[in-house]
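In what follows, a single structure is set out as structure tokens and then discussed.
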Amino acid sequence: QVQLVESGGGLVQPGGSLRLSCAASGSIFSVGDMAWYRQAPAKQRELVALITSGSSTNYADSVKGRFTISRDNAKNTMYLQMDSLLPEDTAVYYCNADIMPRRGGVTFRYWGKGTQVTVSS
């Protein structure tokens with residue numbers, strides 16, 4: 001079984017920083033694209049940032065220049081460095097990843113259960 005586990009969320013003041021991690025574990029042959037999404041109360045889930053297997057990145061306009069996505073392929077782990085946080089960044093942050101559990105098998109998209117980020121004074 002493959003699992004994605006997020007960590008690093010919490011309460012931070014406006015202007016502060018947090019670093020989220022997303023670790024994939026279990027039966028993994030290869031990991032493709034990985035991404036962070038977020039969902040604020042009463043809002044739809046939205047894409048925050050994406051990183052390909054070749055480490056190309058893409059960001060939502062609302063976080064460009066403030067957030068940085070990265071990955072460590074040796075550890076099957078993805079990170080989201082969040083700087084200059086704003087109250088509107090408050091949300092549950094989810095990671096997902098396209099993972100091939102077995103060589104030559106089918107690739108599935110897995111989701112983590114989320115980690116809460118609250119930006120408030």
Side-chain angles (χ1 to χ4, degrees):
Q1 296 292 336
V2 174
Q3 282 189 319
L4 293 182
V5 178
E6 302 98 337
S7 61
L11 173 64
V12 64
Q13 291 186 342
S17 298
L18 282 175
R19 188 190 193 212
L20 304 184
S21 299
C22 170
S25 63
S27 175
I28 297 172
F29 175 73
S30 67
V31 182
D33 295 353
M34 304 180 78
W36 288 98
Y37 284 73
R38 67 186 180 187
Q39 187 167 18
K43 291 189 176 181
Q44 290 190 335
R45 190 174 295 190
E46 63 174 355
L47 176 65
V48 175
L50 178 146
I51 185 165
T52 69
S53 57
S55 294
S56 295
T57 60
N58 193 25
Y59 296 90
D61 288 343
S62 59
V63 306
K64 281 181 182 176
R66 300 188 298 120
F67 290 10
T68 303
I69 190 171
S70 61
R71 64 191 287 169
D72 183 336
N73 291 330
K75 296 181 179 180
N76 289 331
T77 300
M78 173 179 64
Y79 306 95
L80 185 68
Q81 178 66 40
M82 305 187 294
D83 298 318
S84 302
L85 282 160
L86 304 169
E88 48 263 45
D89 294 318
T90 296
V92 178
Y93 283 71
Y94 300 89
C95 66
N96 76 22
D98 294 335
I99 295 174
M100 182 184 294
R102 292 177 299 278
R103 181 174 183 171
V106 179
T107 296
F108 299 94
R109 177 159 294 176
Y110 295 87
W111 287 85
K113 294 183 178 180
T115 185
Q116 176 70 47
V117 171
T118 302
V119 184
S120 175
S121 55

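Position 1 is the first residue of the sequence, and the numbers go up from there.
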Taking the side chain as every heavy atom from C-beta outward, state whether [X] and [Y] have any atom pair closer than 4.5 Å.
X     : Y     : result
Leu4  : Ile99 : yes
Tyr37 : Asn96 : yes
Pro14 : Pro87 : yes
Ile69 : Met78 : yes

To the nearest 0.5 Å, tell me how far [X] [atom1] sits from [Y] [atom2].
X      : Y     : atom1 : atom2 : value
Thr68  : Arg66 : OG1   : CZ    : 11.0 Å
Glu46  : Gln44 : CD    : CD    : 10.0 Å
Asn73  : Ser55 : CG    : OG    : 6.0 Å
Thr118 : Gln13 : OG1   : CD    : 13.0 Å

Tell me whether [X] contacts the main-chain N or O of [Y] through its side chain, where contact means a donor paired with an acceptor under 3.5 Å.
X      : Y      : result
Thr115 : Gly9   : yes
Thr90  : Val119 : yes
Tyr94  : Gln39  : no
Thr77  : Lys75  : yes
Ser27  : Pro101 : yes
Arg38  : Val92  : no

(message) Please determine whether side chain to side chain contact (heavy atoms under 4.5 Å, CB included) holds for the pair Cys95 and Met34, giving the CA-CA distance in whole Å, both sets of side-chain angles, and the decisive distance to 0.1 Å.
(response) CA-CA 7 Å; Cys95 66; Met34 304 180 78; over 6 Å; no

(request) Return yes when atom CD of Gln81 has more than 12 non-hydrogen atoms of other residues, nucleotides or ligands closer than 6.0 Å, and no otherwise. (result)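 More than 12 within 6.0 Å, yes.
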
(message) For Gln1, is the CD atom crowded, meaning more than 12 foreign heavy atoms sit under 6.0 Å from it?
(response)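 At most 12 heavy atoms, drawn from other residues, nucleotides or ligands, come within 6.0 Å of this atom.
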
(request) Identify whether the distance between the nearest side-chain nitrogen and carboxylate oxygen of Lys113 and Glu6 falls below 4.0 Å. (result)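 Looking at Glu6 together with Lys113, the answer is no, because their closest N to O distance does not fall below 4.0 Å.
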
(message) Closer than 4.0 angstrom, basic N to acidic O: yes or no for Asp33 and Arg109?
(response)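 So Asp33 does not pair with Arg109 through a salt bridge.
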
(request) Consider only side-chain heavy atoms of I, L, V, M, F, W and Y, link residues closer than 4.5 Å, and tell whether Tyr79 and Ile28 are in one cluster. (result)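 No; Ile28 is not reachable from Tyr79 via cluster members.
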
(message) If hydrophobic clusters are built by linking Ile, Leu, Val, Met, Phe, Trp and Tyr wherever their side-chain heavy atoms come under 4.5 Å apart, do Tyr59 and Tyr93 end up in the same one?
(response)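 Linked, Tyr59 and Tyr93 end up in one cluster.
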
(request) Walk me through it: do Arg19 and Leu80 pass the test side chain to side chain contact (heavy atoms under 4.5 Å, CB included)? (result) CA-CA 6 Å; Arg19 188 190 193 212; Leu80 185 68; over 6 Å; no

(request) Starting from the C-alpha separation in whole Å, work towards a yes-or-no answer on side chain to side chain contact (heavy atoms under 4.5 Å, CB included) for Leu11 and Ser120. (result) CA-CA 7 Å; Leu11 173 64; Ser120 175; 4.2 Å; yes

(message) Using the rule given for ring-ring contact (aromatic ring centres under 6.0 Å, His included), can you reason through Trp36 versus Phe67, listing the C-alpha separation, both sets of side-chain angles and the distance that settles it, and then say yes or no?
(response) CA-CA 11 Å; Trp36 288 98; Phe67 290 10; 10.0 Å; no

(request) Applying side chain to side chain contact (heavy atoms under 4.5 Å, CB included), run through Arg71 and Val31 and close with a yes or a no. (result) CA-CA 11 Å; Arg71 64 191 287 169; Val31 182; 3.6 Å; yes

(message) Minimum heavy-atom separation for Ser17 and Asp83, please, with both atom names.
(response)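 Minimum heavy-atom contact is OG-OD1, 2.7 Å.
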
(message) Give me the atom names and distance for the closest heavy-atom approach of Ala91 to Ala40.
(response)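 Shortest heavy-atom contact: CB-N, 3.8 Å.
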
